[in-house]
2 protein chains.
Amino acid sequence: MEFNEAKEKFVSTWGALGTLWGINKAMAQIHAILFISPDPLTMEDIMEELGISRGNASMNLRHLMEWGIVYKINKTGERKEYFKSEKDVTELARQIAKERSRREIQPTIKVLKEVSGISSNGSLKEEEFIKKTKELYDLADTADTMLNKVIAQEQNWITKTLVKILK
Amino acid sequence: MEFNEAKEKFVSTWGALGTLWGINKAMAQIHAILFISPDPLTMEDIMEELGISRGNASMNLRHLMEWGIVYKINKTGERKEYFKSEKDVTELARQIAKERSRREIQPTIKVLKEVSGISSNGSLKEEEFIKKTKELYDLADTADTMLNKVIAQEQNWITKTLVKILK
DNA sequence: TTAAACTTTCAAAAATTATTGAAAATTAAT
DNA sequence: ATTAATTTTCAATAATTTTTGAAAGTTTAA
């Protein structure tokens, strides 16, 4: 496989994965080309490389910046804006995990806590509801805590060791 | 908050979370009502409770069965089919993780391995491509391994302890 | 301050995904 | 074998999401 084929394969796979994760294709693909590019790219570069419109590029770059995984840079003496992605994969994983926890897991945990807190009238239906939503609450809370700890900036001895042992 | 309000809130939150995770709303909501129901439900019950069509219920029940988190049961002497969900949250998490790993992470890992294996012509572009896709490969592989180990059926001493320590 | 270079916004169009509903298929009892 | 109960399939429709493109907005330099 030569470079261009590999690049296309990578970009389209990254786009497809994004789609499965609720991130739109253009956003994931823009991230992909920035991630593998040794130099920052302009909006024009991105539009051309992916064959997408200016509006699309602009909006998705904004989203990527909101996620904290793409930065805008200005080259002195140049009018155009350049974009580059977070290059450290650990940091990338951390940002994504953080964002997903904030947007998805935490709101869900909040609702699970609320609804599992109702008082039961003693019926089987209500007892079961409370029991099951409590169990989900515990699961989600554990998962979220672990996600945050494992990904946390300061990797402590335990987690570092753990990664080695588990892998 | 009384039971019906709590139930609706739970069902709709579960549906919304599913959507964010690339699982359609009906599928997630069907799972939700089965999960909190003390008894198995018929397709009719599900259609009525969620206000969805027969075709929709049928297809999404099939998907849930493919995911291994809903089972069909037949009551002796009854024509109708009943459905019940996996009730053990640990098992639920395990099945979901397994399915996602199989459908999403593993195919991605495969592509990353392929594309990072090309031979470079020595240019900065190609060197960077190989370096970055290799890093992603390592990250995805580590994440997948950990996911599988932590969720694995036979929780060993290390993981059990770990969950306690991290939480 | 004007003009050129560039970016953002957003209504409309296109593409994708989910849902319906009715016909076809299946199942089980008579 | 026929019928009635039930489920599945799938083409058509509806809903949602993404993308476009051009007008409006910004920024910088002269």
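Because the structure is predicted, anything quoted here is derived from the model rather than measured. Here is how names work: the chains are called A, B, and so on, in the same order as the sequence lines, proteins then strands, and each is numbered from 1.
- In the region residues 58-68 of chain A, proximity to DNA chain C at under 4.0 angstrom, judged on heavy atoms, holds for A:S58, A:M59, A:R62.
- Other residues sharing a hydrophobic cluster with A:Y82 under the 4.5 Å side-chain heavy-atom criterion for ILVMFWY residues are A:I73.
- D:dA5 atom C1' lies 13 Å from atom OH of B:Y82, rounded to whole Å.
- Counting distance only, with no hydrogens placed and no angle test, the side-chain atoms of B:R54 and the base atoms of D:dT7 include no donor-acceptor pair under 3.5 Å.
- Look at B:K72 and you'll find a side-chain N or O under 4.0 angstrom from OP1 or OP2 of D:dT8.
- Near DNA chain C, meaning a heavy atom under 4.0 Å from it, residues 20-52 of chain B has B:N24, B:A26, B:G51, B:I52 in order of number.
- Protein atom CD of B:E78 is 18 Å distant from nucleotide atom P of C:dT27, rounded to whole Å.
- With respect to the salt-bridge test (charged N to carboxylate O, under 4.0 angstrom), the residues B:E5 and B:K9 do not qualify.
- A donor-acceptor pair shorter than 3.5 Å cannot be found between the side chains of A:Q95 and A:E99.
- Not a single donor-acceptor pair, N or O on each side, falls under 3.5 Å between the base of D:dT6 and the side chain of B:R79.
- Atom CG of B:N56 is separated from atom C1' of D:dA14 by 12 Å (rounded to the nearest Å).
- Put simply, the residue from A:L61, A:N56, A:L64 that forms a side-chain contact (heavy atoms from CB on, under 4.5 Å) with A:M27 is A:L64.
- A cation-pi contact, defined as under 6.0 Å to the ring centre and within 45° of the axis, links B:R100 to A:W21.
- Distance, B:N74 CG to C:dT26 P: 17 Å, rounded to whole Å.
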